[in-house]
Every structure is written in structure tokens, then in C-alpha cells.
2 protein chains.
Amino acid sequence: MGLFTKDIKTMNDLFVHQLQDIYYAEQQLTKALPKMAAKATDPQLKQGFLTHLEETKQHVARLEEVFKMHGAQVKAVDCPAIDGIIEEADETAGEVADKAVLDAALINAAQAAEHYEIVRYGSLIAWAKQLGRTDCASVLAKTLEEEKATDKKLTTLAESKVNLRAALARCTSIIRSLSKHDGRLEAYVSHGAAIEVAACEPTPSSINPFATTPARRAPHRSLRLL
Amino acid sequence: MGLFTKDIKTMNDLFVHQLQDIYYAEQQLTKALPKMAAKATDPQLKQGFLTHLEETKQHVARLEEVFKMHGAQVKAVDCPAIDGIIEEADETAGEVADKAVLDAALINAAQAAEHYEIVRYGSLIAWAKQLGRTDCASVLAKTLEEEKATDKKLTTLAESKVNLRAALARCTSIIRSLSKHDGRLEAYVSHGAAIEVAACEPTPSSINPFATTPARRAPHRSLRLL
């Protein structure tokens with residue numbers, strides 16, 4: 001990439017070089033995101049990658065706008081950092097036995113890319129202001145906000161998946177069988193040496209019968225979980 | 001690096017692999033930080049890199065502790081992402097005409113490394129909790145907090161340098177000459193077509209005579225800047 005060749009002498013040179021660096025990164029991400037979407041198994045994650053792909057195409061267009069506003073040539077330079085991050089993400093295309101593991105690693109890879117961009121756009125905006133280019137800073141700030149929003153969405157998704165997996169793991173270990181009785185869902189729950197029956201109201205749209213209060217020690221007594 | 005070879009099947013495999021990845025990254029950073037400190041020209045930045053070097057050595061030791069707590073082999077695997085980030089930082093070792101530009105780019109390179117680590121430690125902590133290893137999560141969380149604190153310090157340093165440069169740029173454009181008169185520092189300031197004299201108290205340790213209220217239009221009148 002040659003971040004510091006001798007032709008980078010001023011803050012303006014550094015600003016333009018960094019624009020070229022992130023322009024390359026965004027272009028590479030437009031190629032990587034469809035592959036990540038294809039591999040993701042969680043529908044929300046898959047859709048998240050596709051939505052961010054559209055945003056990323058817009059980020060490329062905004063960078064071209066900034067190059068022109070600043071009177072600089074629209075040009076990309078290689079950036080080994082994003083290449084490395086994408087290389088890790090690409091490797092998720094390999095065969096993985098557990099789909100949940102694949103999704104977790106895809107989220108992690110995507111967040112590494114987002115944070116790389118957050119740092120670079122943060123510096124670009126500060127440097128643009130320093131150079132008196134508040135017009136360029138304003139355009140770049142739109143992209144930075146979208147990168148931050150994507151990172152937050154990925155964190156939320158990762159956390160919800162972790163919580164769901166934890167809840168399911170708890171249920172798998174205690175639920176022996178399920179049945180319906182008078183419209184109620186009843187779960188036969190192992191609790192130490194005893195077997196309990198836990199029940200919930202028949203309003204399936206709002207009920208997650210397995211993620212709430214654990215059944216208390218009350219063998220063969222019907223308990224409300226919600 | 002081979003993030004997804006077929007031997008990564010469970011969340012535990014992914015957790016251990018990610019430990020190996022960040023263990024490699026921290027080791028590489030212990031080699032990169034002294035070079036960055038040697039090149040930094042701002043004394044605060046130089047000291048910041050040296051302080052973080054000591055923290056990074058501690059992070060390596062903490063990872064070895066986590067490997068042992070988790071009963072996993074202490075091992076590093078190549079990680080192209082951190083290699084790329086460090087490659088960019090290393091290139092700052094080249095000759096750069098303007099030292100302020102070098103410092104700005106060094107801060108930016110260091111923040112890219114910090115954010116990479118923040119993402120990886122964030123995932124490691126979530127996965128450790130999911131695996132029931134709150135003991136490992138707790139050790140890793142100490143490092144995450146230090147990485148975040150370093151990132152904040154770098155941002156503060158970058159902003160203060162940008163502000164200082166902006167203040168100096170304003171001064172350079174308006175100050176014609178400086179002189180001392182009866183213990184006061186006097187600045188002959190161009191203001192439109194007029195020349196003004198601005199003065200400040202002779203307490204140099206607490207005074208930055210150029211970063212405060214601009215001199216008002218009052219030709220040849222002595223004005224206090226502070």
C-alpha cells in the first residue's frame with residue numbers, strides 16, 4: 001500500500017491517501033458482503049449483510065463525490081488491513097459443521113471490518129475539518145453514522161443469538177416432554193430427581209415458554225411460566 | 001490463518017481459535033509499539049505508546065492465563081488482519097517530511113489496531129460467558145477496558161493536536177510580529193487593513209497567547225488576550 005512514501009508530506013496528502021485507502025476498502029467490501037450473506041444461516045443476519053451491501057455501494061459513491069469536491073483524482077490504493085480482515089471473512093465460506101458457529105464468526109468478521117472503517121472515517125472527518133473542508137466532512141459523516149449503526153445492529157444480533165442459545169441450552173437440559181392440555185402448553189420438566197409440569201397461557205404470539213422463570217420444585221403441580 | 005478449517009465445529013473451537021488469533025496479534029503489537037514510539041515526535045504520543053507496550057505485555061500474560069484456565073494449549077495462529085494493520089503502522093517508519101503528519105498517521109494506525117482488538121475481545125468475552133467460563137470472561141474484560149481506554153486517549157490526543165494546529169494556523173495568518181515590552185508579550189496583529197497590538201500577561205507557564213479571544217478592531221491599542 002505504501003502509506004508512507006515520500007510523496008506524503010502534508011495533512012492534505014495524508015487525507016487524500018486515506019480517501020484512496022478507504023475507497024479500496026469499500027470496493028472490496030462490496031465483493032465480500034454478498035459472499036457473507038450467502039453463507040449466513042440466520043435470516044436476520046443474511047438480510048443485514050444485504051442491507052449493508054446497498055449502503056456500502058452508496059459509501060463508494062459518496063467517496064467519489066468527496067474526491068471530486070476536493071479536486072482529487074478518484075483512485076484506490078491497496079490496503080493490507082482490509083485485505084486481511086476480508087481474508088478472514090472469506091474463510092467463513094469454508095465448510096463448518098455448526099451453523100450457529102458460522103454465524104457467530106461471520107458477525108465477528110463483519111464487526112472487524114466495521115470498526116476498521118469507523119476508525120478511518122473518524123480520522124478522515126477530523127482531517128477534513130482541519131483542512132477547512134467541512135463540506136467533505138459532512139458527506140463522510142453520513143457514512144460514519146451508517147457504519148456505527150451497522151456495528152450496533154451486529155452487536156444486538158450477536159447478543160440475541162447468544163441469549164437464545166443459552167435459553168435453549170437451559171430448556172434442553174430440563175424439559176422431558178411437551179403436551180397440550182385444555183389449550184395450555186404443558187412442559188414436563190426434570191428438576192433434580194423430580195418431574196414437574198410447567199404451563200403457560202395459550203397466547204403463542206407473545207409467549208416464549210422457555211426463556212422465563214424456571215419451574216420451582218413442585219412435583220406434578222401446574223406452574224405458570226409467564 | 002485458516003479461521004475456518006473443518007476442525008472448528010463448536011463454539012468452544014471458535015473461542016479457542018480466537019484466543020490463538022488475538023494471542024498472535026498481541027505478540028505482534030509488542031514488536032510494533034516500540035517502533036511506533038521511536039518514530040512518534042509528540043512526547044505525549046511517544047509516552048502513550050510506551051505505556052501501552054507495558055499493558056500489551058500484560059495482555060499477552062493474561063491470554064496465557066486464560067488458555068491455562070480453559071485447559072487449552074498456549075498457541076498462536078497467524079492473523080492477516082493484524083498483520084495488515086501493523087504493516088501500515090510499520091510504513092510510518094519511512095521518511096516523512098512533516099512530523100505532525102507522521103504523528104497523525106501513527107495515531108490513526110494505532111487506533112485501527114485498538115479497534116481490531118476491541119472487536120475480538122468483545123466477541124471472546126461473549127463467547128466465554130456462553131460457554132459458562134465467566135472466570136475467563138472476567139480476565140479478558142480487564143484487557144478490553146484497557147484497550148478502550150487507550151483508544152480514548154488516542155482520540156483525545158488527536159483532537160488536541162488538531163485544535164492546536166488550527167489555533168496556530170489562525171495565528172500564523174494574522175500575527176505580523178512579536179515583541180516584549182515592559183515584561184508583556186506584544187503581538188502585532190493584522191486585522192483587515194489595520195495593524196493591532198495585542199498583549200498578554202507575563203506568566204508564560206499558564207499562557208497560550210494565540211489560542212484565545214481574537215483581537216478586536218482597535219488599531220495600535222493594547223488589548224489583553226487573556
Side-chain angles (χ1 to χ4, degrees), chain A residues 1-6 8-14 17-18 21 79-98 100-102 104-105 107-109 111-116 118-120 122-124 126-127 129-130 132 151 155 158-159 162-163 165-166 169, chain B residues 1-6 8-14 17-18 21 79-98 100-102 104-105 107-109 111-116 118-120 122-124 126-127 129-130 132 151 155 158-159 162-163 165-166 169:
Chain A
M1 164 184 182
L3 175 62
F4 282 91
T5 51
K6 288 187 186 178
I8 298 177
K9 292 184 175 71
T10 66
M11 285 306 296
N12 188 65
D13 294 340
L14 185 62
H17 186 91
Q18 193 69 85
D21 175 287
C79 164
I82 202 71
D83 282 341
I85 290 167
I86 292 175
E87 188 178 331
E88 287 184 22
D90 269 349
E91 285 173 352
T92 59
E95 283 177 49
V96 182
D98 185 323
V101 177
L102 176 60
I107 290 173
N108 193 27
Q111 286 196 294
E114 289 310 308
H115 274 257
Y116 180 79
I118 287 167
V119 169
R120 296 310 195 206
S123 295
L124 275 171
W127 297 342
K129 286 179 183 168
Q130 189 183 340
D151 179 56
T155 297
E159 284 172 354
V162 164
N163 291 342
R165 276 197 294 270
Chain B
M1 164 188 182
L3 175 60
F4 282 89
T5 50
K6 289 187 186 177
I8 298 177
K9 292 183 176 70
T10 66
M11 285 306 297
N12 188 65
D13 295 340
L14 186 62
H17 186 92
Q18 192 69 84
D21 175 288
C79 164
I82 202 71
D83 282 341
I85 289 166
I86 291 174
E87 187 179 333
E88 287 184 22
D90 269 349
E91 286 173 353
T92 59
E95 284 178 50
V96 182
D98 186 322
V101 177
L102 176 61
I107 290 173
N108 192 27
Q111 286 195 295
E114 287 312 307
H115 274 256
Y116 179 80
I118 287 166
V119 169
R120 297 309 195 207
S123 296
L124 276 171
W127 297 342
K129 287 178 182 168
Q130 190 184 341
D151 179 55
T155 298
E159 285 172 355
V162 164
N163 292 342
R165 275 195 296 270

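Just so it is clear: chains get the letters A, B, ... in the order the sequence lines come, proteins before strands, and each one is counted from 1.
- The residue among B:G122, B:G132, B:A113, B:S123 with the most heavy atom pairs within less than 4.5 Å of chain A is B:S123.
- The shortest heavy-atom contact between B:V119 and A:A112 is CG1-N, 3.7 Å.
- The minimum heavy-atom distance between A:A81 and B:I85, with the atom names listed, is CB-CG1, 3.6 Å.
- Closest heavy-atom contact between A:V101 and B:I8: CG1-CG2, 4.4 Å.
- With a threshold of 4.5 angstrom between heavy atoms, A:D83 does not approach chain B through any atom at all.
- How far NE2 of A:H115 is from CD of B:Q111: 12.5 Å, rounded to the nearest 0.5 Å.
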